[in-house]
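Letters A, B, ... are given to chains in the order of the sequence lines, protein chains preceding strands, and every chain is numbered from 1. Here the structure is a predicted model, which is why all the values come from computation and not from measurement.
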Amino acid sequence: MTREPRFGALAADARWQAAWEAANSFATGDSADAEGEGRPKAYILEMFPYPSGRIHMGHVRNYAMGDVLARFKRMTGHDVLHPMGWDAFGMPAENAAMEKGVHPGGWTRDNIASMRAQLKRLGLAIDWSRELATCEPDYYGQEQALFLDLFAAGLVTRKHSYVNWDPVDMTVLANEQVIDGRGWRSGALVEKKKLSQWFLKITDFADELLEGLQALDKWPDKVRLMQENWIGKSQGLEFSFRLAGGAPGFDVFTTRPDTLYGASFAAISPDHPLAESLARDAPELAAFIEECRRQGTAAEQIDTAEKMGFDTGLSVEHPLDPDWHLPVWVVNYVLMDYGTGAIFGCPAHDQRDLDFARKYELPVHRVIADGEETGQHFTGDEAWTGPGRLVNSHFLDGMSIDEAKAAVIARAEHEGWGKGTTVWRLRDWGVSRQRYWGTPIPFIHCDACGLVPVPKSQLPVVLPEDADFSVPGNPLDRHPTWKHVACPSCGGEAVRETDTLDTFVDSSWYFLRFASAPSDKPFDPEVIRRWLPVDQYIGGIEHAILHLLYARFWTRALNKLGMIDIEEPFASLFTQGMVTHETYSREQGEGLPPLYFTPDEVARTADGATLESDGAPVDVGRVVKMSKSKKNVVDPDAILDQYGADAARWFMLSDSPPERDLPWSEAGIEGAWRFVQRLWRIFGDTEKTGDGAEDKGLARKLHQTIAGVAADIESLGFNKAVAKIHALANDIEKAPPSATRAEACRTLILLVAPMLPHLAEEAWAALPEGQRTTAMIADAAWPAADPAMLVDDEVTIAIQMAGKLRDTMTAAKGADRAALEAAALARPRIAELLGGKAPKKVIVVPDRLVNIVP
RNA sequence: GCGGACGUGGCGAAAUCGGUAUACGCAGCAGACUUAAAAUCUGCCGUCCUCGUGACAUGCGGGUUCAAGUCCCGCCGUCCGCACCA
């Protein structure tokens, strides 16, 4: 092969992508294959994409990172599983169907085809034979089978719950789809509606999902903490209030039973059954409840919402003193779906209760001492929630808060009016969606037999192709024939469940199906045992809670069913940062939003930017996540056309640490492209051996770089690996020709192979006969770093006086303390600075520094 | 409000164990090559001054230490998560 003076990226991309495909280079054998035996496995997985239509730069970054790791693992002798698939169900497809009159399936499959082509242009080392799409019956049919297994194990329930109902689109909305109390698409006022919904009993696993976080030491602390807060374990006392006079009242939950003597009222939620029953005879209360329900739950509304209450006129007995009666209020800040939907109010030591008590002029009694402050009369508008001894609390006086909590719980349990209990923030996972484009829930409703699971022999329950999307609502529900079936149990007339599963169910087990995808069952446990858990999972922080928690739950549930051995699906998790870009805009005047321009429309200069169409300046705004609304998006296809896959991959891996945001810039991608060309020139020097001599300094640098880059890739420190490769390239270029230099040029090809696979293949193929160990570099081994070369035999020693650098000297590696001290003191400059006096103290750190304290 | 992360040149950043701060890149400046441009190469590139093996610099103010970007305390700022969670 004749060597071109410049690297022709576009031709090389196509050539090597075809070569890898022809050679089936990245296929992963099943465990039965002898190929995998003896080699350690590495399951590298990036979160699979939603097929929205086009890939974006965030995908490029995500998949470039995973690909570097997968290719590196192959080079270091691992049996690698690196698959790709599509999270293909979901609302956008159905919205497209409604807006453009296309079928969701056609729309989705077209998108998959074009995105697959785009991904292939990146040159990813993926086993495409394992590709899956969750919208295909061979996937969702197996999901239905798993759902039936969970049902049989008692982990699926149906219950009534309040949902956000859009009366125009006739569908349930997720909380994120409710904007200012209105449906995000229809703009209609959202109603609270009670519907019978399917739930997965994730709360059964609350404790182990929480405990399990501790073992996930290769997850970011941030994600573990977010999950911990989401699960939200609280321990406290649950007890019953009796109505004054002795009639049964209601249960309350508190984490502060120690403050029970500070109670001044009891409060129930507007949604509490007691409030609802009282409202039937009290129009004013009914009106109050109605007003509370209209209040939004968005963050800013809660911030500004005032505490509101309605005095029911009822009162309850204080559990520790039946003669002490507390008024019962209905208040807007008590939530029905946390705890028991009722509380006792202790204003002195809870800010919300204090705000409420001050507004309605209820008593405020101190029961926790604030330093010297022990008086019962509490003043001010700031509740005391800090530590202190119990005061004004009878038998609790003098105890610490923890002692008092334990004492009250013990007494409640002894006297039988309450018990110590644990309350979770985590709710059961509502998986019902009144949508077409999702996995049909495999159940049948029969008037005679009730709820009947679809027999596994009748799976998959396939979506009908001929659905009607011209009007709002659930197309499955109004389909003329689909839902009408014979009951599998009695054979009588029955109807199918028309709800479909939340798409988070689809993504809760796809990593199992990648490893093993038999046609007659969800997966083969033997194969799962070989590949799982995923060794490295990479994706966006936006999935820190829901997806990752659901996948953890699903894995534990299957474990409980005895179907798999593992408890946690992802051994190591990495959350990568976003790709960002400057924004370009012009103000349009008062009250109007700024007008944004795309990077293509703008010419960037060193100190500003101008619009190309009129030559006048535009405002250069903040660097933010690429988004259509800000128009600061760069299309990966255009970049690949111009610079090729390797330059794009290199830029994605350079400069910014992978967990941080990466600011995309034209200058940056051009710099990456220039470096690719520079490497190409260096790779052409593998025969320039000069007189054949060794270059010891360069050899050290080479071996240190081999070891350093390997360590950086293992720890996903791609930006550091890039810097080390740059530094080595600089040294090679500066070094005179030698046998070592020629060797370094050859080795450098291997070092960049995981990141720049097309360039590396091209350079590998262009090597002179006999310099290649394998036909393709995709099958080559990572170079070995010689341990003897990793340490220098001379080191530079810093000489400090009182901690400030004053001189440096070279010394033999490993020189002892006395020798270093003597050498340092003998330096003319140090002697001069000491002025003949003996130093007070000398600290010697071997191989690093000598610090002299004068 | 609660919880968390971060703050180092004009910019992205490095410093892995408390031990020579600013590696590597981008942008910029000067020069070489060229009729010219591109490409490429060489050098400079934290601030200040008295231009030195000088002083000062890692958001601000303290502290521990022979030694602090790194550890501790208190502020300020930015970003993220959760949120009337009892």
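One interatomic measurement links the two molecules: CE of A:M336 to P of B:C84, which rounds to 15 Å at whole-angstrom precision. In this structure, the CD atom of A:E733 is 11 Å from the P atom of B:U40, given to the nearest Å. In this structure, A:I541 atom CD1 and B:C79 atom P are separated by 17 Å, rounded to whole Å. A straight line from CG of A:L679 to C1' of B:G25 spans 13 Å, rounded to a whole angstrom. Rounded to an integer number of Å, the gap from CZ of A:R256 to P of B:A86 is 11 Å. Atoms CZ (A:R829) and P (B:G52) sit 13 Å apart, rounded to a whole Å. Following rounding to the nearest Å, A:D271 (CG) and B:A86 (P) show an atom-to-atom distance of 19 Å. Following rounding to the nearest Å, A:L833 (CG) and B:G52 (P) show an atom-to-atom distance of 17 Å.
Side-chain atoms of A:T705 and A:D731, non-hydrogen and from C-beta on, never get closer than 4.5 Å to each other. A:T385 has its side chain out of reach of A:Q351: every pair of non-hydrogen atoms, C-beta onward, lies at least 4.5 Å apart. Contact check for A:F378 versus A:W384: side-chain heavy atoms found under the 4.5 Å cut-off. Here the side chains of A:V795 and A:K813 are in contact, with some heavy-atom distance below 4.5 Å. For the pair A:K724/A:Q704, no side-chain contact is recorded, criterion being any heavy-atom separation below 4.5 Å from C-beta on. By the 4.5 Å heavy-atom criterion applied to side chains, A:L833 and A:I852 are not counted as neighbours.
Base orientation of B:C17: syn, since the glycosidic angle falls within 90° of 0. Glycosidic conformation of B:G77: anti, with the torsion beyond 90° of 0.
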Open item on the list: Could you write out RNA chain B as dot-bracket? Rules: Watson-Crick or G-U wobble, both distances under 3.5 Å, brackets [ ] for crossings, | for pairs with another strand, dot for unpaired.
Closed with: (((((((..(((......[....))).(((((.......))))).((((..).)))..(((((..]....))))))))))))....

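Among the heavy atoms of the strands, none lies under 4.0 Å from A:V331. Backbone-only contact: A:N730 has heavy atoms under 4.0 Å from sugar-phosphate atoms and none from a base. Nucleic acid contact for A:R427: base, since at least one base atom lies under 4.0 Å from a heavy atom of the residue.
Other residues, nucleotides and ligands contribute more than 12 heavy atoms inside 6.0 Å of the CZ atom of A:R427. Within 6.0 Å of the NZ atom in A:K625, the count of heavy atoms belonging to other residues, nucleotides or ligands does not exceed 12.
For the P atoms, the distance linking B:G54 with B:G63 amounts to 27 Å, nearest Å. Across B:U8 and B:A23, the matching P atoms stand 16 Å from one another, rounded to whole Å. The separation of B:C2 from B:U20, taken at their P atoms, amounts to 39 Å, rounded to a whole angstrom. Taking atom C1' on both B:U64 and B:C72, the two are 7 Å apart, rounded to the nearest angstrom. Atom C1' of B:A86 sits at a distance of 28 Å from the matching atom of B:A5, rounded to the whole Å. Comparing the C1' positions of B:A13 and B:G18 gives an interatomic distance of 22 Å, to the nearest angstrom. When the C1' atom is used for both B:A15 and B:A21, the distance is 7 Å, rounded to whole Å. B:A32 and B:C11 are spaced 31 Å apart, taking the P atom of each and rounding to whole Å.
Picking from B:U40, B:C84, B:C56 the nucleotide with the shortest atom distance to the side chain of A:R352 gives B:C84. Of the candidate nucleotides B:G3, B:A86, B:C56, B:G3 has the atom lying nearest to any side-chain atom of A:N229. When distances run from any side-chain atom of A:A727 to the nucleotides B:A86, B:C24, B:C82, the shortest one goes to B:C24.
With A:F675 as the partner, the ring pair (Phe, Tyr, Trp, His ring centres under 6.0 Å) test is satisfied by one option alone out of A:W680, A:W650, A:F651: A:W650.
Using a 4.0 Å cut-off, no side-chain N or O of A:R678 falls inside it from OP1 or OP2 of B:A39.
Salt-bridge formation is not detected for the pair A:D807/A:R829: no Lys NZ or Arg NE/NH1/NH2 atom is positioned less than 4.0 Å from an Asp or Glu carboxylate oxygen. Under a 4.0 Å N-O distance rule, the pair A:D350/A:R256 does not qualify as a salt bridge.
Remark: A:K307 is positioned above the aromatic ring of A:Y333, its terminal NZ or CZ atom under 6.0 angstrom from the ring centre and at most 45 degrees off the axis.
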Task: Under 4.0 Å protein heavy-atom contact, by nucleotide of nucleotides 43-51 of chain B - B base, S sugar-phosphate only - done: ---------

Task: Summary of protein contacts for nucleotides 8-20 of chain B, nucleotide by nucleotide, where a base hit scores B, a sugar-phosphate-only hit scores S (4.0 Å, heavy atoms) - done: ----BSSS---BB

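The aromatic ring centres of A:Y360 and A:W329 sit less than 6.0 Å apart.
Taking the nucleotide of RNA chain B with the nearest heavy atom to each of A:A802 and A:R681, the more 5' of the two is matched to A:R681. Sequence order on RNA chain B of the closest nucleotides to A:K841 and A:R806 puts A:R806 first from the 5' end.
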Open item on the list: Please evaluate residues A:T583 and A:N632 with respect to the criterion side chain to side chain donor-acceptor pair (under 3.5 Å), reporting the C-alpha separation (whole Å), side-chain torsions for both, the decisive distance (0.1 Å), and the verdict.
Closed with: CA-CA 6 Å; A:T583 52; A:N632 61 339; over 6 Å; no

